[in-house]
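The block underneath contains the structure these notes are about, expressed in C-alpha cells.
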Protein chains: 2
Amino acid sequence: MTPGGIPPEPDAPAVAHWNRGVLRSHNERVLLDRVRAAAPISRAQLARDTGLSKPTVSTALEALERAGLVRPVGLETGARGRAALLYEPDPTAGYVVGVDVGRSWIRVAVADLDGRLLARQDRHNRARTSATMLATATDLARTVVADAGLEPTAVVHTVIGCPGVYDRAADRIRYAVNLPGWGRPGLRGRMEAALGTTVEIVNDANLAALGEYHGGAGVGCPLFVYVTVGTGLGMGIVADGRLFPGAGGAAGEIGFLPLSPRPSDRVGHGASAPVPRRGMLEDAVSADAVVRGARALGMTGPLTAKAVFDAARRAEEPAASAVRHEAQRLAHVVASVAAVLDPELVVLGGGIGANADLLLGPMTAELHELTPLRPRVAASVLGEEAVLLGAVATAVATARDRVFTHHTMGQG
Amino acid sequence: MTPGGIPPEPDAPAVAHWNRGVLRSHNERVLLDRVRAAAPISRAQLARDTGLSKPTVSTALEALERAGLVRPVGLETGARGRAALLYEPDPTAGYVVGVDVGRSWIRVAVADLDGRLLARQDRHNRARTSATMLATATDLARTVVADAGLEPTAVVHTVIGCPGVYDRAADRIRYAVNLPGWGRPGLRGRMEAALGTTVEIVNDANLAALGEYHGGAGVGCPLFVYVTVGTGLGMGIVADGRLFPGAGGAAGEIGFLPLSPRPSDRVGHGASAPVPRRGMLEDAVSADAVVRGARALGMTGPLTAKAVFDAARRAEEPAASAVRHEAQRLAHVVASVAAVLDPELVVLGGGIGANADLLLGPMTAELHELTPLRPRVAASVLGEEAVLLGAVATAVATARDRVFTHHTMGQG
DNA sequence: GGCGATTAGTTAAGGAATTTTACTTAACAA
DNA sequence: TTGTTAAGTAAAATTCCTTAACTAATCGCC
C-alpha cells in the first residue's frame with residue numbers, strides 16, 4: 001500500500017483447485033446438506049431446490065445411499081402424479097459423545113447424527129485431581145455408549161467442554177483455575193487413547209453459546225454472545241454459526257475485563273476520588289459478589305446467591321437492592337461487550353444468569369443510561385444443559401463432515 | 001438440541017450447485033489468484049502450484065489474457081531447459097478511487113489493480129454542510145482521475161472512509177457527530193451518480209485497520225485491532241483479513257465503552273467512593289482529555305495535545321505525568337478489548353496514537369498490572385495515510401473481484 | 001375398472017471441461 | 001553440434017453434467 005503497491009503475499013498457500021472428481025463430491029455434499037435441511041424430500045424436489053438435473057440427483061443419491069449417509073423413508077402420496085420416494089439423512093451413519101466437565105458435575109451424552117440424544121448420565125464430580133477426573137469422564141462415556149446399545153467404534157467424535165482455554169499447540173488447558181490439575185499437558189492425547197475417538201476440547205462458555213445457537217435463545221442469530229455468570233464469568237461469541245475464538249482462544253474471557261480505570265484516570269474531571277481496588281470484573285459480578293453485596297446492605301446469616309435471589313423475588317428489601325446492583329454491574333458488562341462487538345443479542349446464562357426474571361428489567365434500564373449501543377438481552381433457554389448440548393451439537397457438526405469426507409475418500 | 005434433535009433449518013439457502021461451466025471459471029479464478037500472489041510466474045509453475053494440468057492452465061491463461069486480466073512479462077531464463085514465458089496480473093484491467101473524508105482534510109487517491117497509487121490530492125475540508133463536502137469530494141475525485149490520465153469510465157469502484165457507521169438499509173450515516181449534515185440519507189446514491197462508479201462507504205477506523213493489514217503494522221496478522229485516538233476514539237477489527245463489522249456495523253465503537261461502573265457497584269468491596277461522572281470513554285481518552293489532564297496537573301496557557309506531548313518528550317514534569325495517565329487510560333481500553341476479543345496485536349493510530357514513543361512503554365507496564373491477556377501493542381506504520389490507503393486496498397479487493405466476475409459473465 | 005393427466009424417476013445421447021499421453025519447441029551445456 | 005532438460009501444445013480419453021425422451025406410478029374422473 002506504499003506507492004510501491006500492495007505487496008504480493010509471499011507464501012500464499014496454493015488455493016485448492018477443483019479438478020474433476022471434486023465436482024461430483026461437491027454436488028453430493030450440496031445434496032446431502034439439502035436432505036438434512038428439508039428431509040423428508042424426494043429426488044425431484046432436490047433437483048428443483050438445487051438446480052441440478054434429475055439424473056445427477058439420482059446418481060448422487062444412489063452413492064449417498066450406498067455410503068449409508070441417506071436412506072429412503074417412505075412415499076409421498078396424496079398429490080397428483082407418481083408417488084415420490086422420500087429420503088432422509090441416516091442418523092446411524094455415526095454417533096458422537098458430548099461431555100461437560102464442570103466444577104461439581106460431569107455430564108455425558110451420546111447422540112446420533114441428527115443430534116438426537118440416545119443416552120446420558122450425570123455424575124457428581126468429586127474428583128480433585130486431573131487423573132481421577134479424566135477416569136471418571138472416560139468411564140462415564142463408555143457407560144453411556146453401552147447404555148445406548150452402541151459399539152464404541154460407532155462413535156466418530158467426542159467434544160469435551162470445560163473451563164479454561166485449550167491451547168492446541170501445547171495440548172494443555174490454561175486459565176482453568178477451578179479445576180485442580182486440569183492444566184496438565186497431554187490431556188487430549190490421553191482422552192483420545194482412552195475413548196478411541198478423536199477428541200476436541202472447548203471452553204464451556206463457548207460450547208454453551210453454540211448450544212444456544214443450535215437449539216436455544218440464539219437460533220439463527222448471525223451474531224450473538226452468551227454470557228455465563230455463576231461462580232465465574234465467561235462469554236462465548238458466535239458469529240454466523242461459528243465460534244469466534246480470538247487469536248489465542250481466549251476471546252470472551254470477560255472475567256479479565258478491568259474493573260475500572262485507575263484513580264488517576266479521573267484527573268481532569270474535577271475529582272480524584274480514590275478507587276479502592278483494581279482488579280478483575282469476575283470478582284465483582286460472580287455469585288460471591290452478590291452475597292458480599294447483600295451482606296454489605298445488611299443481610300445476615302449463612303447466605304448463598306440463591307437465597308439472595310429468592311428473598312429478592314419475595315420483594316424483601318436488602319436483597320432486592322443487592323440484585324438491582326448486580327443487574328447494574330451486568331449491564332456494565334453488556335455495554336462493554338456491545339461497544340467492542342456490537343452483537344445483535346446477549347444471552348444470559350449460568351447460575352446467576354438463570355435469575356433473568358429479576359435481572360433483565362433493571363439491566364435494560366441501566367443499559368439505556370450507559371450506551372446507545374443496546375443489544376437485545378435474553379435469558380438462556382437451555383440453562384444447565386447448554387454446555388452439554390453445545391458439545392453434542394459441535395460434535396455432530398464435526399461428525400457430519402467427517403462421515404461425508406470419509407465417504408468421498410472411500411470412493412476414490 | 002432438545003431430545004427431539006437438532007431442528008432442520010427451515011429455509012436453509014440452497015447452496016449453489018456446480019456444473020462444469022462453474023468449474024471452468026473457478027479454475028480461472030484460482031489461477032488468477034495464484035498469478036497475483038506469485039507473479040511473475042510461468043504456466044508450468046502454475047500447473048505445479050495448483051495441481052491443474054498443463055493444458056488446463058494454458059487454456060485458462062489464454063482466456064485470462066484475452067480478457068486483459070493477465071499479461072506476459074518476459075522470459076524466465078538462466079535455468080536449464082526451455083525458457084518459460086512469465087505472466088503477471090495486468091493492473092490496467094481497472095482502476096479504483098479511495099477517499100478519506102476527515103474532519104479537517106479530504107484526501108483522494110487513484111490506484112490501479114496492483115494498489116499502486118497513480119495520483120492523489122489532499123484538500124482542506126472547510127465545508128460545513130453535507131452538500132459542499134460531497135461536492136468537494138467528487139470534484140477532487142474527478143480531478144485526481146484526470147491527473148492520472150484516466151477516463152472516468154476506467155474507474156471500477158470507489159471506497160469512501162468517514163466517521164460514523166454507514167447504515168446500508170437506510171442509506172445514511174449514523175453516529176457521525178463531528179461532520180455536520182453528513183447523516184443525511186441518500187449519500188451513497190448521490191455519490192454513485194456523481195462519480196459514475198459503484199461506491200462503498202466504510203467507517204474510517206475500519207478502513208485504517210484494513211490499511212494497516214494490507215501494508216502496515218498488521219500485515220498477515222490473523223486477528224488484530226486498530227485503535228485510533230485523536231479527537232475521537234475508534235477501533236477497527238480485522239479477522240483473517242476481513243473486517244468484523246458487528247451486527248449493526250458498530251463493532252469497534254469503543255468510544256461508547258462505559259467509563260466505569262456505577263458508584264454502587266463497589267458495594268461489597270468496603271468502599272462507596274462516589275464516582276462523579278458516568279459516561280463515555282471517548283471523553284476520557286481523546287485529545288481533549290489529555291489537555292484537561294495537563295491543566296489539572298498545573299499546566300497553563302493555550303494548550304494543545306501536541307504541546308503536552310512535546311513537553312513530555314522534553315521530560316517536563318506535569319506534561320510527562322499527563323501523558324503517563326493517558327497511557328494508563330489507553331491500557332485500560334486495550335485490556336477491555338483483549339478480554340472480549342483476544343486479538344494478537346493492537347495497532348495504535350490517530351493523532352494521540354502517533355505519540356507511540358511516549359505511550360507504548362507505560363501502556364505495556366500498565367497492561368501487565370491489569371490483565372493476563374496482553375496482546376502485542378504496536379504503533380501505526382501508515383499514520384495519517386492509513387484511512388486513505390485502507391480505502392484504496394478495499395477498493396482494489398472489490399475491483400479485482402468485479403473485473404473477474406465481469407470477465408466470466410462476458411464469456412457466457 | 002379404464003383412461004387421461006400429472007408428476008417421479010430412468011435411459012440414452014450430447015457436450016463441456018479436465019486429464020493423460022505423446023509430441024514439439026527452446027534454452028543451456030559439454 | 002549434440003544431448004539434456006524443461007515449457008508448452010495437440011489429440012485422444014475420461015468424467016460427469018444436461019437435455020430430451022421415455023417409462024412408471026398415482027390420482028381423478030368417466
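So you know, we letter chains A, B, ... as the sequences are listed, proteins then strands, and number each from 1.
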Checklist outcome for this item: Atom NE2 of B:His26 and atom P of C:dT18 are separated, to the nearest Å, by 12 Å
Next on the checklist: If I take atom CZ in residue A:Arg24 and atom P in nucleotide C:dT18, what distance separates them, rounded to the nearest angstrom?
Outcome noted: 18 Å
Checklist entry - Is there a side-chain polar atom (N or O) of B:Asn27 under 4.0 Å from OP1 or OP2 of C:dT18? => result yes
Next on the checklist: If the condition is side chain to side chain donor-acceptor pair (under 3.5 Å), which residues does B:Gln45 pass it with, not counting sequence neighbours?
Outcome noted: B:Arg48, B:Asp49
Checklist outcome for this item: Whole-Å distance, A:Asp49 CG to C:dA8 P, equals 12 Å
Checklist entry - Taking only residues at least two apart or on different chains, which pairs with a member in residues 68-78 of chain B satisfy salt bridge (Lys or Arg N to Asp or Glu O under 4.0 Å)? => result B:Arg71-B:Glu88, B:Arg71-B:Asp90
Checklist entry - Taking CG from B:Leu85 and P from D:dG8, how many angstroms apart are they, rounded to a whole number? => result 6 Å
Write out a two-atom table: protein N or O, nucleotide N or O from nucleotides 26-30 of chain D, distance below 3.5 Å.
unit_1, atom_1, unit_2, atom_2, d
D:dC27, OP1, A:Thr77, OG1, 3.0

Next on the checklist: Suppose we screen for ring pair (Phe, Tyr, Trp, His ring centres under 6.0 Å). Which residues come up paired with A:Phe224, at least two apart in sequence or across chains?
Outcome noted: none
Item to check | Shortest side-chain distance from A:Ala84, nucleotide among C:dA8, D:dA20, C:dT20 | outcome: C:dA8
Checklist entry - Quick one: side chain to side chain donor-acceptor pair (under 3.5 Å) partners of B:Thr56, sequence neighbours excluded? => result B:Ser53
Next on the checklist: If you compare every side-chain N and O of A:Ser53 against the phosphate oxygens of D:dC17 (OP1, OP2), does one of them come in below 4.0 Å?
Outcome noted: no
Item to check | Side chain of B:Ser58 (C-beta onward), nearest among D:dC16, C:dG9, D:dG8 | outcome: D:dG8
Checklist entry - Out of D:dT18, C:dA8, D:dA7, which nucleotide sits closest to the side chain of B:Lys54? => result D:dA7
Item to check | Test ring pair (Phe, Tyr, Trp, His ring centres under 6.0 Å) applied to B:Phe404 - qualifying residues, sequence neighbours left out | outcome: B:His407
Item to check | Rounded distance in Å - CD (A:Glu62) to P (D:dC16) | outcome: 14 Å
Checklist entry - Hey, does the side chain of A:His26 reach the backbone of A:Val22 with a donor-acceptor pair shorter than 3.5 angstrom? => result no
Checklist entry - Once you round it to whole Å, what is the distance between P of D:dT14 and CG of B:Leu52? => result 20 Å
Checklist outcome for this item: Atom CG of A:Leu23 and atom C1' of C:dT19 are separated, to the nearest Å, by 14 Å
Checklist entry - Taking atom types as modelled, is there a side-chain donor on B:Thr197 or B:His157 under 3.5 Å from an acceptor on the other? => result no
Checklist entry - On DNA chain D, nearest-nucleotide positions of B:Leu86 versus A:Thr56: which is more 5'? => result B:Leu86
Item to check | Distance, rounded to the nearest Å, where A:Leu31 contributes CG and D:dC16 contributes P | outcome: 14 Å
Checklist entry - Of the nucleotides C:dA8, D:dA7, D:dT19, which one has an atom closest to the side chain of A:Ala44? => result C:dA8
